[in-house]
Amino acid sequence: MGSASAWELARRGFSVLVLERSVPGAEASSAAAGILGAQIEAHARGPLADLSRVCRRLYPAWVGALERATSIDTGYRECGVLKVAFGARDLTKLAREVAWQKPRPRVLAARALAKREPELNPRLRGGVAFDGDARVDPRRLFRALHIAAARAGVVFRSGAYVRRVVTENGRAAGVALDDGSIVRGRHVLVAAGSWTSLVEGLGIAPGAVQPVRGQIVELETAEPVLRSVVFGPRAYLVPRDDGRTLIGSTMEFVGYRREVTAAAVRDLLTAAIELVPALGNASLGETWSNFRPYTEDELPLLGPTHLPGLWLASGHYRNGILLAPITAAIVAALVRGKRSPVPLAPFAPARRAT
Ligand SMILES: Cc1cc2nc3c(=O)[nH]c(=O)nc-3n(C[C@H](O)[C@H](O)[C@H](O)COP(=O)(O)OP(=O)(O)OC[C@H]3O[C@@H](n4cnc5c(N)ncnc54)[C@H](O)[C@@H]3O)c2cc1C
């Protein structure tokens with residue numbers, strides 16, 4: 001969120017400094033699976049579903065601009081997302097659950113599913129297809145974003161741990177770092193992901209943003225086993241063009257503990273091999289975990305705060321990769337004194353004020 005906003009602002013002539021306690025992209029934004037699931041992730045009508053849909057429309061142009069600026073292939077693929085079921089009753093339930101969505105996801109019977117993704121388990125009874133959903137490779141995306149932002153003039157400072165927001169005359173004037181130094185700025189955007197609530201002076205309740213750990217296991221095969229992203233009952237699979245398949249993911253409230261656990265790896269592997277039996281012969285790649293910035297109502301904290309000049313872009317929970325371009329566009333509009341391109345009331349940080 002920080003880097004995407006920085007790039008957007010720099011392109012509009014602002015001079016932007018990104019303060020990062022680690023290295024840019026060290027956390028959730030490089031650990032994500034990269035599903036751009038505007039529809040698969042929408043479980044009901046509402047502001048998040050609307051925001052996600054707007055973002056899906058922005059994505060092709062946004063990654064296009066990044067790819068042109070850097071010559072990096074971000075792995076953006078309009079591959080569609082499938083949600084599959086092993087039982088006939090589960091398939092009926094699935095079809096009923098998504099019937100409200102527009103465009104309405106297509107229901108695929110077993111044969112159509114097998115034709116589209118031949119490596120899927122032949123025991124599957126069918127699935128629903130979200131043809132407008134897509135995928136991207138978050139590490140490549142982040143690398144492109146970092147380079148594009150730096151070329152546009154953004155300065156990244158690693159190892160800068162932000163402690164609190166500094167106020168002057170009733171507005172944000174900068175931030176204080178943990179080495180005691182003050183960094184001044186006319187606008188301050190806090191985009192500290194799962195650690196946002198630890199930054200002092202934001203006017204939000206402690207625990208307004210909490211970490212939800214997600215673990216991922218990567219498998220490698222000579223050829224990709226899937227083209228589409230596939231959601232099964234117990235795991236999702238995200239293919240990369242080079243033959244890697246990501247298996248995700250757990251949802252765990254365990255604070256900031258970074259372990260990859262034996263039980264999670266076992267469960268993810270079992271679920272993946274059940275979905276695609278050929279993955280039983282795959283070689284094991286990397287495993288990792290990171291933290292989704294969760295809010296109680298599962299909506300981001302996005303927009304102005306109690307303090308003029310202080311903006312928040314956090315709490316994107318399961319969909320921060322998808323929501324990056326719209327978040328950046330919103331931040332850039334607000335900092336320039338313009339209206340947000342989408343209504344912000346549902347995302348107002350004030351709803352989690354201290
Ligand atoms: C396992 C997993 C799978 C996911 N899959 C998907 C997916 O498929 N699709 C999708 O759209 N989203 C996905 N997400 C969610 C997505 O990754 C997040 O919503 C998004 O990356 C959040 O971005 P962010 O910039 O808010 O946080 P982060 O990327 O975590 O960035 C926050 C940065 O702030 C820095 N920081 C924190 N505190 C301070 C401080 N005090 N001072 C200085 N710097 C600080 C951190 O070091 C970090 O680099 C997934 C997340 C996880 C964990």
Side-chain angles (χ1 to χ4, degrees), residues 31-43 77 79-99 101 105-136 212-221 223-240 243-252 260-282 284-289 292 318-319 321-322:
I35 304 160
L36 302 175
Q39 283 193 265
I40 182 95
E41 287 283 337
H43 303 297
R77 303 288 180 265
C79 60
V81 175
L82 301 171
K83 192 166 185 180
V84 297
F86 280 97
R89 207 176 292 168
D90 294 334
L91 182 59
T92 311
K93 188 162 164 261
L94 205 57
R96 205 178 314 127
E97 278 168 8
V98 301
Q101 295 226 17
R106 280 182 310 124
V107 178
L108 303 179
R111 190 185 295 216
L113 186 64
K115 195 165 168 210
R116 173 151 165 181
E117 291 291 353
E119 294 291 347
L120 281 174
N121 192 327
R123 284 200 298 108
L124 283 162
R125 294 301 290 263
V128 290
F130 301 87
D131 289 322
D133 283 351
R135 63 177 152 98
V136 71
V212 173
R213 184 170 73 186
Q215 303 187 42
I216 289 193
V217 177
E218 191 182 67
L219 297 179
E220 291 169 5
T221 49
E223 295 284 328
V225 290
L226 294 170
R227 203 186 143 267
S228 322
V229 172
V230 174
F231 276 65
R234 278 176 290 281
Y236 58 70
L237 303 177
V238 183
R240 302 269 187 256
R244 286 175 296 145
T245 304
L246 268 63
I247 317 168
S249 178
T250 56
M251 299 274 285
E252 304 164 274
V260 173
T261 63
V265 172
R266 175 200 60 202
D267 293 347
L268 291 170
L269 286 174
T270 306
I273 295 167
E274 188 184 32
L275 283 170
V276 176
L279 285 176
N281 294 321
L284 202 52
E286 281 183 70
T287 58
W288 64 86
S289 76
R292 305 174 186 89
R318 290 174 59 91
N319 292 298
I321 303 301
L322 170 68

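Residue numbers count from 1 along this sequence.
- Each of I247, V230, V229, L226 was scored for a side-chain contact (heavy atoms from CB on, under 4.5 Å) with V238, with one residue passing: V229.
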Does the side-chain contact (heavy atoms from CB on, under 4.5 Å) test come out yes or no for I40 and K83, once each step is laid out? CA-CA 8 Å; I40 182 95; K83 192 166 185 180; 3.8 Å; yes
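- No side-chain heavy atom of L275 sits under 4.5 Å from any side-chain heavy atom of N121.
- Within the 4.5 Å cutoff, the side chain of F231 has heavy atoms near those of the E41 side chain.
- Shortest non-hydrogen contact noted between R292 and R213 is NH1-O, 3.3 Å.
- In this structure, R123 CZ and E274 CD are separated by 6.0 Å, a value rounded to the nearest 0.5 Å.
- Between E218 and R240, none of the side-chain N atoms (NZ, or NE/NH1/NH2) sits under 4.0 Å from a carboxylate O, so this pair counts as no salt bridge.
- For the atom pair CG of L108 and CZ of R125, the computed distance is 14.5 Å after rounding to the nearest 0.5 Å.
- Scanning all heavy atoms of the two residues, the minimum distance from R116 to A129 falls at NH1-CB, 3.8 Å.
- L82 approaches E117 most closely through the heavy-atom pair CD1-CG, 3.7 Å.
- Judged purely by atom type and a 3.5 angstrom limit, Q101 uses its side chain to pair as donor or acceptor with the backbone of Q39.
- Heavy-atom contacts from other residues, nucleotides or ligands closer than 6.0 Å to CZ of R244 number more than 12.
- Comment: D131 engages R106 in a salt bridge, judged by a side-chain N to carboxylate O separation of less than 4.0 angstrom.
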Report the C-alpha separation of Y236 and V81 in whole Å, then their side-chain angles, then the decisive distance to 0.1 Å, and conclude whether the side-chain contact (heavy atoms from CB on, under 4.5 Å) test is met. CA-CA 10 Å; Y236 58 70; V81 175; over 6 Å; no
Starting from the C-alpha separation in whole Å, work towards a yes-or-no answer on side-chain contact (heavy atoms from CB on, under 4.5 Å) for R77 and R227. CA-CA 9 Å; R77 303 288 180 265; R227 203 186 143 267; over 6 Å; no
Let's go through L219 and L284 carefully: what are the C-alpha distance in whole Å and the side-chain angles of both, what is the deciding distance for side-chain contact (heavy atoms from CB on, under 4.5 Å) to 0.1 Å, and is it a yes or a no? CA-CA 5 Å; L219 297 179; L284 202 52; 3.6 Å; yes
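- Using a distance-only test at 3.5 Å, with no hydrogens or angles considered, a donor-acceptor pair links the side chain of T221 to the main chain of G243.
- Within the 4.5 Å cutoff, the side chain of T261 has heavy atoms near those of the Q215 side chain.
- Atom CD1 of residue I35 and atom CD1 of residue I321 lie 10.5 Å apart, to the nearest 0.5 angstrom.
- Nearest heavy atom pair, residue V107 against residue A95, reads CG2-CB, 3.8 Å.
- Annotation: side chain of V136 is in contact with side chain of L36 (closest heavy-atom distance under 4.5 Å).
- A distance of 11.5 Å separates CG in L268 from CZ in R234, rounded to the nearest 0.5 Å.
- For I216 against G248, the heavy-atom pair with the smallest separation is CG1-CA, 4.4 Å.
- Counting heavy atoms from C-beta on, the side chains of L279 and L237 come closer than 4.5 Å.
- Minimum interatomic distance between G126 and L91 (heavy atoms only, all atoms of both residues): C-CD1, 3.6 Å.
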